[in-house]
There are 2 protein chains.
Amino acid sequence: MSDDTRTFGDYVRGHREALRETDRTYSVRQVAGRIGIEPSYLSKVERGHVPPPSEATVVRLAEALGEDPDVLLALAGKVSSDLKDAIRRRPQLFGELIRELRDLPDHAVLKLVREVRDGDW
Amino acid sequence: MSDDTRTFGDYVRGHREALRETDRTYSVRQVAGRIGIEPSYLSKVERGHVPPPSEATVVRLAEALGEDPDVLLALAGKVSSDLKDAIRRRPQLFGELIRELRDLPDHAVLKLVREVRDGDW
DNA sequence: TGTACTGTGTACTAAATAGTACACGATTGT
DNA sequence: ACAATCGTGTACTATTTAGTACACAGTACA
């Protein structure tokens with residue numbers, strides 16, 4: 001019932017109900033069924049009565065709702081394990097980079113991302 | 001008893017015993033005492049009989065041995081939670097950046113790190 | 001020679017994680 | 001009206017995590 005527990009739940013409930021307005025298969029029961037969890041559990045998750053689910057379940061939920069898994073994982077207080085793996089392979093390099101970028105504004109980081117994506121590195 | 005469990009243990013044992021050669025306070029017992037864990041537990045950790053300790057304990061161990069915490073955490077299969085926090089604050093930005101850099105060689109990433117560190121971003 | 005310190009084996013455990021199972025009363029659709 | 005579907009409350013549980021507690025035999029050294 002921490003702060004981000006509520007945030008995660010509200011976010012999921014909000015997006016699921018938005019989808020439900022045009023598609024009635026987005027009920028708690030049906031979505032839960034599609035991602036392989038109990039409806040009562042999804043209900044509790046959405047209301048923040050329990051902490052966010054495991055990484056795997058959050059990813060399936062993101063897919064079911066058409067959301068970005070990284071964003072939903074972030075709201076769940078987690079980081080995708082493939083990102084963690086990348087860091088673990090070169091901890092010093094990525095450690096320094098991330099700590100350097102942490103305090104920079106979005107536009108600076110975004111500029112860097114574009115540079116890497118477009119440039120011939 | 002996975003692969004990196006052994007690696008982590010071997011690394012710790014190797015470095016602790018190196019220090020012990022010139023300073024006999026680097027025994028299993030004394031190091032364990034300094035970082036606040038049971039000697040038998042450190043012994044098991046070093047031999048890979050149990051998985052690596054928690055993040056907090058790994059960091060204290062790194063400090064006690066004069067090693068880079070990020071490196072030791074990586075060997076333990078973990079990522080420092082301050083790095084995870086940075087990613088969680090801007091999941092899309094950092095997600096894309098890290099996935100982009102993941103496949104680049106060390107020198108390219110290093111060049112980027114230097115650019116960010118020195119440049120006026 | 002004995003005492004102080006060493007590493008390690010065995011046995012146990014508290015707390016967190018990630019859910020399941022099922023029943024219930026309310027609502028909806030026909 | 002009634003069957004299907006809905007969200008949710010209660011109760012329970014298996015697994016993982018992160019260790020502790022203590023005894024014991026071997027070693028160092030004064």
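Residue numbers start from 1 in every chain, and the chains themselves are labelled A, B, ... in the order their sequence lines are given, proteins ahead of strands.
Atom-to-atom, CG of A:Leu42 to C1' of D:dG9 comes out at 15 Å; the value is rounded to the nearest Å. Note: OH (A:Tyr26) to P (D:dG7) measures 14 Å, nearest angstrom. Note: CZ (B:Arg16) to P (C:dT8) measures 8 Å, nearest angstrom. Distance, B:Arg13 CZ to C:dT6 C1': 11 Å, rounded to whole Å. Atom pair A:Glu46:CD and D:dC6:C1' shows a separation of 13 Å (rounding to whole Å applied).
With sequence neighbours excluded, no residue satisfies side-chain hydrogen bond (donor to acceptor under 3.5 Å, both in side chains) with A:Asp103.
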Provide a list of protein-nucleic acid N or O atom pairs under 3.5 angstrom, restricted to nucleotides 16-20 of chain C.
unit_1 : atom_1 : unit_2  : atom_2 : d
C:dG19 : OP2    : A:Ser54 : N      : 3.0
C:dG19 : OP2    : A:Ser54 : OG     : 2.5
C:dG19 : OP2    : A:Thr57 : OG1    : 3.1
C:dG19 : O5'    : A:Tyr41 : OH     : 3.2
C:dT20 : OP2    : A:Glu38 : N      : 3.1
C:dT20 : O4     : A:Lys44 : NZ     : 3.3

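Salt bridge absent: B:Arg102 and A:Asp85 never bring a charged side-chain N and a carboxylate O closer than 4.0 Å.
Checking side-chain atoms of B:Arg16 against main-chain N and O of B:Leu65 turns up no donor-acceptor pair under 3.5 Å. Looking only at distances, no side-chain donor or acceptor of A:Arg90 sits under 3.5 Å from a matching main-chain atom of A:Ala86.
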Protein within reach of the bases, or only the backbone? For nucleotides 25-30 of chain C, mark each nucleotide 5' to 3' as B, S or -, using heavy atoms under 4.0 Å. ------
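The shortest distance between side-chain heavy atoms of A:Thr25 and A:Leu19 does not fall below 4.5 Å.
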